[in-house]
Q: 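Let me give you the structure first, and then I'll get to my questions.
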Amino acid sequence: MLPGREGKEHTVTALISDQVASLIEDGIRLAQEAQALPPFPVPHVGVERPRQTAHGDYATPVCLQLTEEARMAPRAIATRVIEYLPTASFLGKVDVAGPGYINVTLDSSWVARQTRAILETGDKWGHVDLGSGDCVQVEFVSANPTGPITVGSTRNAVIGDVLASVLDAADFVVEREYYVNDAGSQVRKFGESLYARYAQALGEEEPFPGDGYLGGYVVDMAAEFARQVGHSYLKMDRQEAIQALGERGIECVLGQARADLAALRVSFDTWFRERSLYDSGLFDRLLQKLRKDGYVTEREGAVWFTSPDLEEDAVLIRSPQVISNPEERPTYLASDVAYVWNKLMERGFDRAIYVWGADHHGDVPRVRAATKALGLDPDRVEIILYQMVNLKRGTEDVRMSKRAGEFVTLREMIDEVGPDPIRFLLLTRTVDATIDFDLDLAVEQSEKNPVYYVQYAHARICSILRYAAEQGWDPDHEGDVALLTHESEQALIRKMLELPEIVAYAAEQRAPHRLTFYAQELAAQFHAFYRDCRVVAEEDAERTRARLMLVRAARTTLAQVLGLLGVTAPERM
RNA sequence: GCCCCAGUAGCUCAACUGGAUAGAGCAUCGGACUUCUAAUCCGAGGGCUGCAGGUUCAAGUCCUGCCUGGGGUACCA
């Protein structure tokens, strides 16, 4: 069942960037009412964060776009807008700059006060009201249940998990789902491979299938089964034994996957069985519906899906070979048709997000066309394609082939590297870029490894707070945040104030990698503060208390980002 | 052949979806620890954003065509 929407707490305020934008829209409107500007429709005001600090905290080029409608020079428009700009507590300096930008600087005493606001918001800090409680399912990993989770799926796991966390922080109701492909022919091959290894383990002459799974894990698993049940599968009907062993193997693989993913700090709300789409009769019902609506053609005994949205030929949905063998199932598009209906109609998600490796990109138009053919809005289906991971040791490639059984598993990576570097490093690229993951670098605790840079900042914060407590300061004592006027204090708070916008952007653009970049910037800003500002100072109790508040707020912010990333925030390093 | 992704500093990558002088880290060179963690900080050099056109006030970003690398090309998912 879907989690209730009403359970979601709304504890967040509007983004500052949105407030700035709406103030400027008001300014344009008021200037028009006072006839300082000619009438024209008030445009959408895009607010950006300037690259250079000299340009303030926010800027908008909106006046550059208005020259034609206003028949005025951009700088002149900007001057009028500023003249009629309403005031707001956070507003500091507002001025015209460059060719006609409006630059906005936050009021520094307001900025200082946000330190307290951040502390009061606590573990809700950074959360934004974007999803309005819409229900979204993120389906990810969904690796074939025929072998251990490998590196490619690891990137999938990290992207899906962090995206889900970010969406949750952005006020969506999120469900994490793992789709178990237990209905395809790969599963049968897996059963055949297990059967052969099982028989071999019991000393029988049993040929290994030509296209079977060669990995050593199949041998180990089969040997384990042989230990558990002896000869019982050999006494069964061969086909039944293959199927039973396949199912037993899947359970075994899934148990391992669950454990390995848990070690990566990834867990799922639902493990959905592909087979259930057929067992429930859903697929057959939908096939009838598609046929009735004219999306199905048949030739040479095969069933094809066809749609005007598909530029290519029709897509095979069920083949004659499949029909002649009841153990086989229709093609994967068939499953996709039933699955998307299950998600959007039977379970009622507002949106279904799929996280797929880029090698599946060819399926995107088909799934969208099928969604549309079912009468569903294809925009409710979103497919995130991520590029491949090249595993390296130093400069050397680690070559892999799953079928040949040569690969580095998630478990091996976790044992060697640990979940923190895996999660962080796999999120230091956009999903569109291939990643070289260097196992040697990942374990290296040096300045080349950004995960430790960020964690070190957190440990340093904790160290300061420990030291303060040792010196007799009450770490929870209130201070006068108005004293936080130093350039580095201000810069740190302003960086902390970016968090909600980063979360909003990462959620909206499905860009979880933004968080790792932000985490590094935040850590850098803290280190700069540490360099410039002594926190614990006997001779200046007021300032010490104010700075301790700032340090606590920085810890909150850093811990929030690391929490979203699923990376630990160590107290010591 | 066709489809998708990428091409930005020596290297690995960002760039808030069309805005100001394209930014970080690493590497290189030069500095900073009797001081709350030097896994840190400061400074310097480093660019025709693959090439050629186009769109407009404005292009790394959009359009067209090439070049290079990776992936896919449908009964494995």
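A, B, ... follow the sequence lines: proteins, then strands. Residue 1 opens every chain.
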Q: Return the nearest nucleotide to the side chain of His361(A); candidates are C5(B), A20(B), G71(B).
A: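 Of C5(B), A20(B), G71(B), G71(B) is nearest to the side chain of His361(A).
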
Q: So does Arg514(A) get a side-chain nitrogen or oxygen closer than 4.0 Å to the phosphate oxygens (OP1/OP2) of C16(B)?
A: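 So the side-chain polar atoms of Arg514(A) never come under 4.0 Å of the phosphate oxygens OP1 or OP2 of C16(B).
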
Q: Under 4.0 Å between a side-chain N or O of Tyr453(A) and OP1 or OP2 of C41(B)?
A: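 So the side chain of Tyr453(A) is within the cut-off, an N or O lying under 4.0 Å from OP1 or OP2 of C41(B).
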
Q: Any idea which of U35(B), C16(B), C5(B) is nearest the Tyr505(A) side chain?
A: C16(B)

Q: Counting only side-chain nitrogens and oxygens, does Tyr456(A) get under 4.0 Å of the OP1 or OP2 atom of A39(B)?
A: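 Answer is yes, contact under 4.0 Å.
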
Q: Tell whether Asp182(A) reaches the base of A77(B) with its side chain through a donor-acceptor pair below 3.5 angstrom.
A: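 A donor-acceptor contact between them is absent.
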
Q: In plain terms, say whether Arg366(A) and Asp336(A) are close enough for a salt bridge, that is, a side-chain N and a carboxylate O under 4.0 Å apart.
A: no

Q: Assign each of Ala59(A) and Leu465(A) to its nearest nucleotide of RNA chain B by heavy atoms, then name whichever residue's nucleotide is nearer the 5' end.
A: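 Result of the comparison: Ala59(A).
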
Q: Can you check whether Arg531(A) has a side-chain N or O nearer than 4.0 Å to OP1 or OP2 of C42(B)?
A: yes

Q: Give the nucleotide from the list A39(B), A77(B), A74(B) with an atom nearest to the side chain of Asn144(A).
A: A77(B)

Q: Evaluate whether the aromatic ring of His55(A) and the six-membered ring of the A20(B) base sit under 5.5 Å apart, centre to centre, with an inclination under 30°.
A: yes

Q: Is the phosphate of C36(B) approached by Arg534(A) (side-chain N or O, under 4.0 Å from OP1 or OP2)?
A: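 No, Arg534(A) has no side-chain N/O under 4.0 Å of OP1/OP2 on C36(B).
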
Q: Between Val417(A) and Ala442(A), what is the shortest heavy-atom contact and its length?
A: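 Taking every non-hydrogen atom into account, CG1-CB, 3.5 Å.
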
Q: Under 4.0 Å between a side-chain N/O of Thr430(A) and OP1 or OP2 of A14(B), yes or no?
A: yes

Q: Is His458(A) close enough to A39(B) that one of its side-chain N or O atoms is under 4.0 Å from OP1 or OP2 there?
A: no

